[in-house]
Visitor: 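Questions regarding the structure given below will be posed in turn.
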Amino acid sequence: MSDNIKVKSTHWADITADKIIRERGPKEHFTCASGITPSGTVHIGNFREIISVELVVRALRDKGEKVRFIYSWDDYDVFRKVPKNMPQQEMLETYLRKPIVLVPDVLGDEESYAAANEKALERLLPQVGVFPEYIYQAKRYRNSEYAEGIKMALVHQDDIRRQLNESRTSDLAAEWMPVSVFCTSCDRDTTKVTGWDGDYGVSFECECGHSETVDLRKTSAVKLPWRIDWPMRWKEEDVDFEPAGKDHHSEGGSFDTARKTGKEVYGHEPPVTFQYDFIRIKGRGGKISSSTGEVISLQDVLDIYQPEVIRYLFAGTRPNTEFAISFDLDVLKIYEDYDKCERTYFNKPDSPKALKKWEKQARIYELSQVGEVPSEMPYQMQIRHLCNLLQAQSGDIDAVIASIDDIKPEQVERFRQRCECAWEWVREFAPEDFRFALRTMEDGPVELDEKNLEAIKRLAVIVEEDLGVLTEKDFGTKVYDMMKELGLESADFFTAVYQALISREKGPRLINFLHILGKEKVLTLLKIY
RNA sequence: GGGCCGUUAGCUCAGCUGGUAGAGCAGCAGACUCUUAAUCUGCGGGUCAAAGGUUCGAACCCUUUACGGCUCACCA
């Protein structure tokens, strides 16, 4: 955080942090929570919650507060549907109604299906600067760590039934109990609770024929349904802040009933919260839902966006606003926006009016950084130019970096990351017009009419003598003069050159393009004429 | 049916704790012997959905209305 303490930040993360301190403080430390059910590949929509909490955590810490950032893996939830993007569908189906922690991993050799989805995300989060403390709910439940919380729900079952009924169309049955049971024989939740002894004993019978009375302090079978589980854990961890998607935030939605249950049953004031909106995907097939079809994961986004730029997208957009993560040409614009924000940060204005704008941008920039804010501005190169450079070098990133003479050693790592993203984007998502590949010697010469053939030959001479010697502008003039001398139309001539170099009718702006390629590469291809 | 969000330039949006309406793109004009969604310079462009209220002052706060979207009332 910069030293402008006198100015109050208007960034949403700072405003939320202020609210948390105001409503929950002062405290020795604040607890900020996030979490999901790893019932399939964790997608970029789920990531919005994690990163939103992280940004608030950072804002709190910047204000000097101590923060515990917990991430709950709800891996004791039921395996309800087989996601379409998973292999071995039939085998997975045999595990329906069991807790996902018992479903085998079909993608690798992790301990379970749940663990596979969990690890896939946990491995990536450090790259984007997110370091929560993970809590595995299956472990908690199976160790009977929530015995008291579950008992509390049973003791207050009439209150809970009333709370839930307030927002239900049809009332819960009189014999309904606020617990669900995984059968100790078949592991499925196809059970019915048949009794409670007023203490720790819960009886159930299962569709498989098994029936039993278990002790909450010893069993791994009993868990709380979501709407009760949530407030129980607020109490357990003393949660001060937890956002949720809009599906939870309607009246009668789970936050609404959890708020009542938390207050009346568990004696915990509901945490500060906000609603975050969904994110869309643009320029790429696939839905965002984890239960249907193709899924866009954090890894997919990291493939084309640098970590800072991903954080920038989320930090720069208010959480309750829907926005799209683009894979199409917008990618270029996003990078340009980020670079502009970066230049702004390192170029603080003097006038008070400009300063106000600067502060907003600067705060977004700070929050976008994975670690510390760089002390010096990172090396910038227009993303379009970089895409051309990469293609000219056929994706050889080392060659691209070597060709830049004004980059400092400490700037290389970040720039290399950008190269990797840009190259991935060019190959996978750039429009056809944008892409090119140099011809090789093996391709041989292309057919040209007499005039163009002559022009190519003379271009080779000019390149030999002057490329890299004259300025780009003077070099260009010389090329154009030659073209005019031969009485060639520019469109015609350009086409011939592009044909000779990249087998296409069009390409990057020619003069600049020749400079990017360099004398050696150009001559190799022109000298065969 | 309830709740939440939105409605600002031709388009996409920013403007957020009330203080003279902004950006990008598109458009128009000019420049670059030039070609990617070319680039650079300049210009025009808005009753801030509507009506009322609070205020010295409202795009912003309050009330009502219209239109659009999402969501809950199964499960998580």
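Since the model is a prediction, treat every value here as computed from it, not as a measurement.
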Visitor: Does A:Arg168 place a side-chain N or O at less than 4.0 Å from the phosphate oxygens OP1/OP2 of B:rC74?
Guide: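 For A:Arg168, the contact criterion (side-chain N or O under 4.0 Å from OP1 or OP2 of B:rC74) is met.
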Visitor: Just the rounded figure in Å: distance from C1' of B:rG24 to CD1 of A:Ile383.
Guide: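 Going from CD1 in A:Ile383 over to C1' in B:rG24 covers 18 Å.
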Visitor: Give one of base, sugar-phosphate or nothing for A:Tyr498, where a contact means two heavy atoms less than 4.0 Å apart.
Guide: base
Visitor: Please determine, for the side chain of A:Glu251, which listed nucleotide (B:rA76, B:rA37, B:rG2) has the closest atom?
Guide: B:rG2
Visitor: Looking at A:Arg318, does any N or O in its side chain come under 4.0 Å of the phosphate oxygens OP1/OP2 on B:rC5?
Guide: no
Visitor: For A:Pro431, which contact category applies under a 4.0 Å heavy-atom criterion: base, sugar-phosphate, or nothing?
Guide: nothing
Visitor: Here's a test of your reading of the structure: between A:Gln275 and A:Leu510, which maps to the more 5' nucleotide of RNA chain B?
Guide: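 Its nearest nucleotide being more 5', the pick is A:Gln275.
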Visitor: For B:rC56, which nucleotide in any strand shown is its Watson-Crick or wobble partner with both distances under 3.5 Å?
Guide: B:rG19
Visitor: Contact class for A:Arg80 vs. all strands (heavy atom < 4.0 Å): base, sugar-phosphate, or nothing?
Guide: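 Sugar-phosphate contact only.
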Visitor: Who pairs with A:Phe79 by ring-ring contact (aromatic ring centres under 6.0 Å, His included), at least two apart in sequence or on another chain?
Guide: A:Tyr113
Visitor: Using a heavy-atom cut-off of under 4.0 Å over every strand shown, decide if A:Asp481 touches base, sugar-phosphate, or nothing.
Guide: base
Visitor: Roughly how many Å apart are B:rU63 and B:rC72, using the C1' atom of each and rounding to a whole number?
Guide: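 Here B:rC72 and B:rU63 have their C1' atoms 26 Å from each other.
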Visitor: How close or far is atom C1' of B:rU12 from atom CZ of A:Phe323, stated in whole angstroms?
Guide: 15 Å
Visitor: Within the supplied structure, the quantity of interest is the number of heavy atoms (other residues, nucleotides, ligands) at a distance under 6.0 Å from A:Glu336 CD; does it exceed 12?
Guide: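 Enclosed: over 12 neighbouring heavy atoms sit under 6.0 Å from CD of A:Glu336.
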Visitor: Should B:rC34 form a Watson-Crick or G-U wobble pair with both distances under 3.5 Å, which nucleotide is its partner?
Guide: none
Visitor: Answer yes or no: does a side-chain N or O of A:Ser250 lie under 4.0 Å from OP1 or OP2 of B:rC70?
Guide: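 A:Ser250 to B:rC70 OP1/OP2: no side-chain N or O under 4.0 Å.
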Visitor: Are A:Lys98 and A:Phe182 in a cation-pi contact, defined as NZ or CZ under 6.0 Å from the six-membered ring centre and within 45° of the axis?
Guide: no
Visitor: Could you give the CZ-to-C1' distance, from A:Arg97 to B:rC75, as a whole number of Å?
Guide: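 Interatomic distance, CZ of A:Arg97 to C1' of B:rC75: 10 Å.
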Visitor: When you get a sec, tell me which of B:rU71, B:rA37, B:rC16 is the closest nucleotide to the side chain of A:Ile15?
Guide: B:rC16
Visitor: If the cut-off is 4.0 Å, is A:Arg363 near the phosphate of B:rC16, judged by side-chain N/O to OP1 or OP2?
Guide: no
Visitor: Could you tell me the separation between the OH atom of A:Tyr338 and the P atom of B:rA23, rounded to a whole number of Å?
Guide: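 For the pair A:Tyr338 OH and B:rA23 P, the rounded distance is 24 Å.
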Visitor: Considering only the P atoms, how many Å lie between B:rC67 and B:rA23, rounded to the nearest integer?
Guide: 34 Å
Visitor: When you measure from the side chain of A:Lys246, which nucleotide among B:rA76, B:rU71, B:rA37 comes out closest?
Guide: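 Closest nucleotide to the A:Lys246 side chain: B:rU71.
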Visitor: Test A:Trp234 against A:Phe255 for ring pair (Phe, Tyr, Trp, His ring centres under 6.0 Å), laying out the working first.
Guide: CA-CA 11 Å; A:Trp234 285 346; A:Phe255 194 94; 5.2 Å; yes
Visitor: Who are the salt bridge (charged side-chain N to carboxylate O under 4.0 Å, His left out) partners of A:Glu264, not counting sequence neighbours?
Guide: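 Salt bridge (charged side-chain N to carboxylate O under 4.0 Å, His left out) check on A:Glu264 returns A:Arg162.
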